[in-house]
Amino acid sequence: MATEVKVPVLGESITEATLGEWLKKPGEAVKADEPIASLETDKVSVEVPAPVAGVMGEWAVKVGDTVEVGAMIATIEAGDGAAAKPAAAPAAAPATAGQQAPAQPSDTPAALSPSVRRAVLETGIDPSNLKGTGKDGRLTKDDVLAAKPAAAPAAAEPLPVAPSVAAATGRKEERVRMTRLRQTIAKRLKDAQNTAAMLTTFNDVDMTAVIEARAKYKDLFEKKHGVRLGFMGFFTKAATMALKDIPSVNASIEGDEIVYHDYADISVAVSGPGGLVVPVIRDADQMSVAQIEKTIGDFGKRAKDGTLKMDEMKGGTFTISNGGVFGSLMSTPIINPPQAAVLGLHRIEERPVVRDGQVVVRPMMYLALSYDHRLIDGREAVTFLVALKNAIEDPTRILIDL
């Protein structure tokens with residue numbers, strides 16, 4: 001008797017997804033609740049668990065197909081999983097069965113993290129042929145990418161170009177279908193440009209005081225709270241204070257109405273394997289610097305693993321994007337609709353500045369605030385940045401809420 005595998009409920013207002021990859025092949029044994037497929041939604045990747053134990057049946061859809069919530073994507077046949085596995089193993093590698101027999105459990109698709117599975121899917125490399133360098137011998141994304149050059153000639157599909165020209169020049173092209181997440185990012189960013197009257201204002205901040213405070217207390221902070229003391233905790237807390245002073249920066253436009261929020265849900269832009277994702281720190285204005293650092297650290301780790309939940313990326317009243325971790329000196333960040341503003345942080349760089357009539361060297365950072373001019377006036381934008389600058393240059397203000 002076969003059991004249908006259906007697309008689960010994906011979250012509020014999400015009615016469809018794209019099949020990103022199959023984690024189990026027909027004929028392979030599956031356990032109850034074991035992931036058998038990965039779906040890509042507008043926000044995150046979602047794994048589809050097996051409803052029952054048995055043997056993987058036929059696939060009803062292909063990778064890249066769009067599927068609706070409740071649609072059947074595969075079947076699971078009744079059977080003894082333990083007995084079915086040996087029959088499926090030789091088919092995976094007929095040419096090198098002797099070498100692949102002792103493959104580690106961490107090399108099986110179900111044991112790979114989402115980012116590693118995506119790399120395996122894109123490169124076409126058999127993970128059982130690779131030696132993992134991660135914890136307990138697990139494969140990492142870097143392990144897969146490091147093996148890509150050797151496997152690329154066999155996996156790449158020839159494009160309709162003159163072979164002689166490609167061979168002579170060594171010029172190659174690769175076409176990869178955009179993921180649903182990347183398509184959504186592109187659409188939302190372009191919509192923001194088309195809708196909002198975007199303007200960016202800049203300021204710079206002397207990071208001396210924050211750097212000294214971090215150097216003085218980072219060991220005690222990590223010992224007490226179990227997390228490293230970074231700069232994002234200071235900036236997030238300072239931003240929530242400035243948002244209270246300038247409420248329009250924390251507002252949004254809905255139709256012909258302005259919605260003011262008496263709370264600060266801070267969206268933090270983090271990089272994931274499929275692109276930029278923006279999880280939300282709820283009620284950041286009520287949190288301590290330690291709580292903020294813990295939350296951001298957790299978001300960053302799970303963004304790389306592809307395990308962020310959709311509910312964690314809904315809402316948000318203001319966004320902070322830290323391009324400085326990648327070496328950016330200055331940028332004009334794009335608003336994350338329906339929010340009205342986004343703060344861009346950049347790299348810290350020693351520059352000559354004038355203090356008390358003397359030229360001195362200070363660790364400086366450029367701040368950029370992009371905002372919707374329909375809602376926020378230039379005076380309000382500049383006042384927000386100055387309040388933020390003052391709090392960072394004198395962290396005592398954060399402590400006493402000044």
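Throughout, residue positions are numbered sequentially from 1 according to the sequence presented.
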| said: Let's go through I296 and D298 carefully: what are the C-alpha distance in whole Å and the side-chain angles of both, what is the deciding distance for side chain to side chain contact (heavy atoms under 4.5 Å, CB included) to 0.1 Å, and is it a yes or a no? | reply: CA-CA 5 Å; I296 294 175; D298 178 60; over 6 Å; no
| message | Let's go through E393 and V205 carefully: what are the C-alpha distance in whole Å and the side-chain angles of both, what is the deciding distance for side chain to side chain contact (heavy atoms under 4.5 Å, CB included) to 0.1 Å, and is it a yes or a no? | response | CA-CA 7 Å; E393 293 186 342; V205 58; 3.6 Å; yes
| Between Y260 and N250, is a side chain to side chain contact (heavy atoms under 4.5 Å, CB included) present by the stated rule, with each step listed? | CA-CA 7 Å; Y260 292 97; N250 196 43; over 6 Å; no
| field | Residue pair V278, M313: steps toward the side chain to side chain contact (heavy atoms under 4.5 Å, CB included) verdict | value | CA-CA 6 Å; V278 193; M313 287 181 281; 5.7 Å; no
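Listed for the R347 side chain is a donor-acceptor partner under 3.5 Å among the backbone atoms of G327. The closest donor-acceptor contact from the side chain of K24 to the backbone of A29 lies under 3.5 Å. Using a distance-only test at 3.5 Å, with no hydrogens or angles considered, no donor-acceptor pair links the side chain of E312 to the main chain of P279.
Nearest heavy-atom pair across A381 and Y371 is CB-CE2, 3.4 Å. When all heavy atoms are compared, the tightest approach of S267 to G316 is OG-CA, 3.5 Å. The two residues P338 and S252 have their closest heavy-atom pair at O-CB, 3.1 Å. Closest non-hydrogen pair, I376 versus V249, comes out as CD1-CA, 3.7 Å. The minimum heavy-atom distance between P363 and I348, with the atom names listed, is CB-CG2, 3.7 Å. The minimum heavy-atom distance between I392 and A209, with the atom names listed, is O-CB, 4.3 Å.
You'll find the side chain of I281 stays beyond 4.5 Å of the side chain of Q291, heavy atoms only. Counting heavy atoms from C-beta on, the side chains of N203 and F384 never come closer than 4.5 Å. Contact of the F299 side chain with the K301 side chain is not registered, since no non-hydrogen atoms from C-beta on lie closer than 4.5 Å. I266 places a side-chain heavy atom less than 4.5 Å from the side chain of L243. Looking only at side-chain heavy atoms (C-beta outward), L229 and F234 come within less than 4.5 Å of each other. Contact annotation: the side chain of R282 approaches that of D265 to within less than 4.5 Å [non-hydrogen atoms, C-beta and beyond].
Of the inter-residue distances, the one linking L19 atom CG with S38 atom OG reads 8.0 Å to the nearest 0.5 angstrom. Here the CD1 atom belonging to I334 is positioned 5.0 Å from the CE atom belonging to M198, to the nearest 0.5 angstrom. Here I73 contributes atom CD1 and I36 contributes atom CD1; the two are 5.5 Å apart, rounded to the nearest 0.5 Å. From T295, atom OG1 reaches atom CE of M287 across 3.5 Å, with rounding to the nearest 0.5 Å. Here CG of L388 is found 11.0 Å from CG of D245. Values are rounded to the nearest 0.5 Å. The CG atom of N336 sits 4.5 Å away from atom OG1 of T319, with the distance rounded to the nearest 0.5 Å.
Residues D377 and R379 are not paired through a salt bridge, judged by the lack of any N-O separation under 4.0 Å between the basic side chain and the carboxylate.
Using cut-offs of 30° and 60° on the angle between ring planes, the pair H225 and F221 is tilted.
Atom CD of E58 sits in a sparse spot, with 12 or fewer heavy atoms from other residues, nucleotides or ligands closer than 6.0 Å.
Under the ring-ring contact (aromatic ring centres under 6.0 Å, His included) criterion, Y263 pairs with H261, not counting sequence neighbours.
Across K389, R355, R351, a single residue satisfies salt bridge (Lys or Arg N to Asp or Glu O under 4.0 Å) together with D206, and that is R355.
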